[in-house]
Every structure is written in C-alpha cells, then in structure tokens.
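Data first, discussion second: the structure below is written as structure tokens.
Positions are given from 1 along the sequence.
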Amino acid sequence: METQVYKISTQSIYNRWVIVTLLITVSIVLGLSYKIHTDNKVRINQAVFETSKTLKQEVLTRIQLYQYGLRGARGAVFTTGENEISRNIFTLYSLTRDVDDEFPGARGFGFIRRVPQSEEDAFVESARQDGWPDFSIKTLAPNFNERYVIQYIEPVDRNRQAVGLDIASEKNRREAAASSLYTGEVRLTGPITLVQASGKPQQSFLILMPIYRGGSTPLTQAERIQKGFGWSYAPLLMEEVLNGLPIDPEQIHYELVDITDLDNPVLFYDSGTSGIKQFKKEQTTLVYGRHWQSSLSITPAFIEALRLPDPIAFLVVGLLISGLLTIIVMAIRLNIVRRREVMAHQARITAVVESSADGIISKNLDGIIVSWNQGAERIFGFTKEEAIGHDVNELLVPQDLKHEEATIITKVKKDKSSHSVETRRRTKYGTEIPVSLTLSPILDANNNVFGVSNTVRDISERKKAEARIFELNTNLENQVKARTAEIQELNLMLNDVLSASSEVSIIATDLNGVIKLFNKGAERMLGYSAEEVVGRMTPLGFHDVTEIEQHRREILNATGVTVVESLGVLVYRALQGDFESKEYGLIFIRMAVRAQCR
C-alpha cells in the first residue's frame, strides 16, 4: 500500500513538473515573441528614419551643388564689368563649363539684369545691338514696376524662350529675386513652370544669387538694394535634378512638397511608387529660403528586405520547443535503456576484437601500447601484460624500419585516414615475420586524432606462395626465351637457303601483292635485282595481259566466279587454300599460300 502511494505521489510530482515546465516555457515564448514584435517596429522606424535622413541629405547636396555654377557666372560678370558684359563674352565663359556633366538638372546658367522702367527702351536697344536683333521684354503678367529681365542664358539653344523674360512679372520669381537681393543670399523660387519646359507644370525652380557693384555683399539692406544690379541664376527641372536618387520604387515612396505657403502646399516631386504604403516619415527643411517637407513611406518589400525575425514563426517554433521539452523528460528513461544497450554492444565488440585472428593493437600518439588482443598475442608471442604500457617501436619494430613506422603515423595524423603497408615486425623470440599492417586514426569528439589503431596480419604463408609463383614464372620465361631463339635460328637458316637458291625462282608477296622475297634464281631468270622489286612491284609486271585474261576465263568456266582484279587471277587458287601449277610464257610458276592461325 505504501509503495502504491509512493508511486502515485511520484507520478503527481512528475506531472506537476511537466506542467510547470510547459507553463514557464510557453510564457517565455509568448514574452519573447511580443518583444520581437516591438523590436521589429523600432528597427523599422529606425530604418525609415535613416533612409529619410539619407534622402534628405542627398537632395540638399544636389541643390547646394548649383551655387558653384552661380558663383562662376557671377564671376564672369564681375570680371567683365556691369556695363561691359556682352553676349559673346558670356558665351565664351559658358564654353569653359560642361553644364550637363557638372550640374545635372540645370537647364543652363544665365544673368538677370535689373531694368528700371525709365531705362527699358535703352536696355532693349542695347540688347538688340548685343547680338540678339529680335530681343524684346516678355512678361507672364502685367508689371508696372522695375523689371528683372533675363539678358543672357547658356546654352541658349534650349533656353530661347527664356531670353528677355521679365521674371518680376510673376509672383514666385519676383519674391525670390527680391529676397535674394535684400539678404545677399542664394534663394530658390517656389515651384514654377519653366517657359522652356512647359510640359512639366510646377516641377521647376529658379535658383538666384545676387550681384552687387563693387563685388562684395554690402552690409546693410539699403546698400544691397542700391548696389545690386542683377543676379546669376539657373533654371532647375526637379525631375532631372533628383534623377538617380537611391530609391527602390518597389520599397520606397518619396515626396517633396513646398510648404512655404501653408495654405497652398505644392507637391513638386513624387517617386511614383505604387502599392501599400506604411510607416510614413515626414521631415521639414529650409532650402535657400523655402520650406520643403519630405515625406517617406515604405512598402512591405522594404520591411522584407530588412530580414527581421518573424515573431509568429518564433512563437510557433517556441511552442514546438516547449512540446519537445516534455518529450525530452519522457525520453530520459529511454536514454538510460539505450545506454545499457550501448554498453552491451561495446561488450560484444570487445569480444569480437579479442577473438579476431588478426592482431589488433591501439597506441597513443607517443607510441605507447594501450590495448592488445589475443590475435596479437598469437602473432608476436607477447602476452597482454607484457605488451601494454611499452613503446611499440622498442617492442615490435626492427631497427632498420623505425623511420617507416614514424612516417606512416605522421601520414595517419595528417590525413586522418587509414594507411596500409606490408612490412616486417619482430616477435618475442627475436625472429622477424612479414606482416600486413593497417594503421587507422582514433578520433575524439572534436575530430582530433588522439591515438592510432594497428591491425596486423601474419602473411608468411602468402609470401612463401608468392616466392614459389615467382620461381615458376621465371622458369617459364626462360623456357619461352629458349624456344623463341630456336625458332628465330630456324627462320634465319630458311631465309638463307631461299636467298641462296640460284636455279629456282622464288618470289613471295604479302596479301596486297607487293613482293617481299626475290631470290637469286628470280634475279637470274627475270633480270631484276632484289632491290628493284622488293617492296616496289607486284608479280603483274612479269606477266602478259593476254595470258591473265585467258586464265580469268578458265577460272570463270571452272568455278563460275568472275575475278575482277588481275592480281587476284594469279593467286585465286592460293587464296582458296590450294596450290596451282601453270605455264605463263616461258616462266613456270607454282603458287601456294599457307595460312597460319594464332
């Protein structure tokens, strides 16, 4: 009864810990998932802020670039003089600059002159005399006050509509020019439509820099109004100015709005991004007298590109881990059982090693023997007690092979793989025996070699058999050499006999009919020397064509076979394995072929 109560109590405690573990892990997973969710929002907001800041700085950098072009144009006017500047001089100055390369987005750089109404007629006449015969003052709206006339602009070809334009006849242009004149600073107009780019409404600006008599900017406003006689300026098309901004339209939507007039904000740049927009970030910047508001929003693609951890995925994985912890507790018992099985398996392996006919020896990296099985005892004669703890080099390796042992062990440690070699080892009784030796690395959990296993096999009997086979092969080779020498001697004697025969003509050919043998008798009978015919002629050179044709007919009548080649007529029967005796002219030739098969 007490045992049963104890089991129930243990089971209750076990279940309680499982439940507590599950509740704790689930709570941790939920808390971490929520933290990942909030951290992701912070990271997204930070990324949006950094991107917006980068884009804003890029826009400012590009706008600030144009003041250097304005300074150059102003310098050209200063250098020449207020009344001495001419269209030709301004054109020559413009040729020293590459506007499109140095100032992308600027339609050009020019000079705007202040023209009081009382001097309007004289100014127009002077401008016409200055290389522009059709020069006239153009307005965008009636202007009865002082005029701010665009006198020069280069390159002029793409800005002809602007030449002669009174920018004071339009509110945005007039206010920016006046502000620039009064403050002595560079100013931008509000968004306007350029007369030379009318297809882009309210997407352009004029940037103006005041020019004063005397070169320097006067200290007081009254002096600036008195001494200012014009502006260097550049028309800017924002689409071209902001071309190439680091904006991925799949991830970012970017807008620029002129909010100088809060009642009438003007959107002058839109990146055109489509799709769902979120995490909007707005920043306001003062740019040469204008208040611009940048607005950046992102799409899901931007968030995806941040590669943020997914809180839902983390939650799912965390819950799975919580479940796995429960399974682990249940698996502990199974692990104990498995450990017992492993120990039994190791015991069986030990028994196999001990009963192996081969010698199995393990040693550490210093060469000290740490295990020694019964097979090693049978091969070498040393008992386990006599071998373990001794240096294998001193115990088993002959003096002249110690370098071999060191070399093989070095290879095993370096390659971490087995190496086999046939060598000699010393037994307990001082004799040396041939062995087949396989050395394998013993690796630890970190895959580092900490020992070497030697598998040794006595190959004495195999070596004896190999020696016997070698002896038999040597005898056989000697016999073959003797028989070959005898055959060669007989062939030489036969060739000498054939060549020495002077009363009989002997001619031999290969299967193509080319003469290979032409003896003394053939030389005397036919008048050719062997050098003239051997390898050069066929027997056809010694036969009459008429006789060959007659013999061709005889073959046809006798066998029904038509022999096409003339040489084939001569050797027909020989090729059939027969011989033939026949008279040809004054020559009696006996032909025969002997087939030899290998």
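- Side-chain atoms of Asp166 and Lys138, non-hydrogen and from C-beta on, never get closer than 4.5 Å to each other.
- Applying the 6.0 Å contact sphere to CZ of Arg536 captures no more than 12 heavy atoms from other residues, nucleotides or ligands.
- You'll find the side chain of Pro104 stays beyond 4.5 Å of the side chain of Asn243, heavy atoms only.
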Requested in this report: For side chain to side chain contact (heavy atoms under 4.5 Å, CB included), just list the numbers for Val29 and Val317, CA-CA rounded to whole Å, side-chain angles, deciding distance to a tenth of an Å, and then say yes or no.
Outcome: CA-CA 9 Å; Val29 168; Val317 172; over 6 Å; no
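- Each of Tyr233, Tyr93, Phe103 was scored for a ring pair (Phe, Tyr, Trp, His ring centres under 6.0 Å) with Phe109, with one residue passing: Phe103.
- A distance-only check finds no donor-acceptor pair linking the side chain of Thr96 to the backbone of Leu92 [under 3.5 Å].
- Contact record, Ile207 with Ile63: CD1-O, 4.2 Å, taken as the closest heavy-atom pair.
- At a threshold of 4.5 Å between non-hydrogen side-chain atoms, the residues Ser362 and Ile442 count as touching.
- Between Glu154 and Thr91, the side chains place a donor N or O and an acceptor N or O closer than 3.5 Å (distance only, hydrogens not considered).
- In plain terms, the two heavy atoms of Tyr269 and Ile247 that are nearest each other are OH-CD1, 4.1 Å.
- Residues Leu165 and Val149 fail the side-chain proximity criterion, which asks for heavy atoms closer than 4.5 Å.
- Annotation: salt bridge (Lys or Arg N to Asp or Glu O under 4.0 Å) contacts of Arg174 (sequence neighbours excluded): none.
- Within a 6.0 Å sphere centred on CD of Glu102, other residues, nucleotides and ligands contribute more than 12 heavy atoms.
- Remark: the Ser52 side chain and the Gln283 side chain contain an N/O donor-acceptor pair separated by less than 3.5 Å.
- A pairwise comparison of heavy atoms in Glu185 and Ser180 identifies O-OG, 2.8 Å as the closest pair.
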Report task. Give the intermediate values and the outcome of salt bridge (charged side-chain N to carboxylate O under 4.0 Å, His left out) for residues Arg107 and Glu240. Result -> CA-CA 9 Å; Arg107 305 290 292 184; Glu240 297 177 3; 3.5 Å; yes
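- Distance check, rounded to the nearest 0.5 Å: OG of Ser126 to CD of Glu119 gives 11.0 Å.
- Atom CD1 of Ile303 is separated from atom CD1 of Ile44 by 4.0 Å, given to the nearest 0.5 angstrom.
- Under the 3.5 Å distance criterion, the side-chain polar atoms of Thr80 are left unmatched by any main-chain donor or acceptor of Val77.
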Query - Candidate pair Val257 and Val266, rule side chain to side chain contact (heavy atoms under 4.5 Å, CB included), full reasoning - result: CA-CA 5 Å; Val257 182; Val266 179; 5.6 Å; no
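- Here salt bridge (Lys or Arg N to Asp or Glu O under 4.0 Å) pairs that include residues 62-84, with residues two or more places apart or in two chains, are Glu58-Arg62, Glu82-Arg213.
- In terms of modelled atom types and a separation under 3.5 Å, the side chain of Ser169 and the main chain of Thr139 share no donor-acceptor contact.
- Summarising the geometry, atom CG belonging to Leu181 is positioned 11.0 Å from atom CZ belonging to Phe229; distances are rounded to the nearest 0.5 Å.
- Side-chain contact of Asp258 with Thr260: a donor-acceptor pair under 3.5 Å is present, judged by distance alone.
- Minimum interatomic distance between Arg173 and Thr189 (heavy atoms only, all atoms of both residues): CA-CG2, 3.9 Å.
- Between Gln293 and Leu256 there is no side-chain heavy-atom pair separated by less than 4.5 Å.
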Requested in this report: Check the pair Ile252, Leu296 against side chain to side chain contact (heavy atoms under 4.5 Å, CB included), reporting the backbone distance first and the verdict last.
Outcome: CA-CA 7 Å; Ile252 296 172; Leu296 182 141; 3.8 Å; yes
**Report entry** side chain to side chain contact (heavy atoms under 4.5 Å, CB included) evaluation trace for Lys56 with Thr285
**Finding:** CA-CA 8 Å; Lys56 183 185 78 170; Thr285 307; 3.0 Å; yes
Report task. Test salt bridge (charged side-chain N to carboxylate O under 4.0 Å, His left out) on Arg160 and Asp134 and set out the steps. Result -> CA-CA 11 Å; Arg160 288 181 178 275; Asp134 299 328; over 6 Å; no
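- Applying the ring-ring contact (aromatic ring centres under 6.0 Å, His included) test to residues at least two apart or on different chains, the pairs with a partner in residues 137-166 are Phe90-Tyr152, Tyr148-Trp231.
- When the salt bridge (Lys or Arg N to Asp or Glu O under 4.0 Å) test is applied to Lys41, no partner is found at least two apart in sequence or on another chain.
- Without hydrogens or angle criteria, Arg224 side chain to Tyr182 main chain gives a donor-acceptor distance under 3.5 Å.
- Here CD1 of Ile137 is found 11.5 Å from CD1 of Ile150. Values are rounded to the nearest 0.5 Å.
- Atom CG of Leu70 is separated from atom CD1 of Ile211 by 9.0 Å, given to the nearest 0.5 angstrom.
- Thr299 places a side-chain N or O within donor-acceptor distance of the main-chain N or O of Glu250, the cut-off being under 3.5 Å.
- The environment of CG in Asp121 is sparse: at most 12 heavy-atom neighbours from other residues, nucleotides or ligands sit within 6.0 Å.
- Going from atom CG of Asn172 over to atom OG1 of Thr193 covers 10.0 Å, rounded to the nearest 0.5 Å.
- For Phe123, the ring pair (Phe, Tyr, Trp, His ring centres under 6.0 Å) partners at least two apart in sequence or on another chain are Phe135.
- Side-chain contact check for Glu223 and Thr220: at least one donor-acceptor pair (N or O, by modelled atom type) lies under 3.5 Å.
- For the residue pair Thr438 / Ser420, a side-chain donor-acceptor distance below 3.5 Å is found, with atom types taken as modelled.
- Contact annotation: the side chain of Phe279 never approaches that of Phe302 to less than 4.5 Å [non-hydrogen atoms, C-beta and beyond].
- Judged as a ring-ring contact (aromatic ring centres under 6.0 Å, His included), not a single pair has a partner in residues 35-70 (not counting sequence neighbours).
- Taking every heavy atom of both residues into account, Ala177 and Leu208 meet most closely at CB-CD2, 4.1 Å.
- Gln151 places none of its side-chain heavy atoms less than 4.5 Å from the side chain of Ile112.
- Between Leu242 and Val59 the shortest side-chain heavy-atom distance falls below 4.5 Å.
- Asn159 approaches Pro235 most closely through the heavy-atom pair OD1-CG, 4.3 Å.
- A side-chain donor-acceptor contact under 3.5 Å links Asp310 to the backbone of Ile312.
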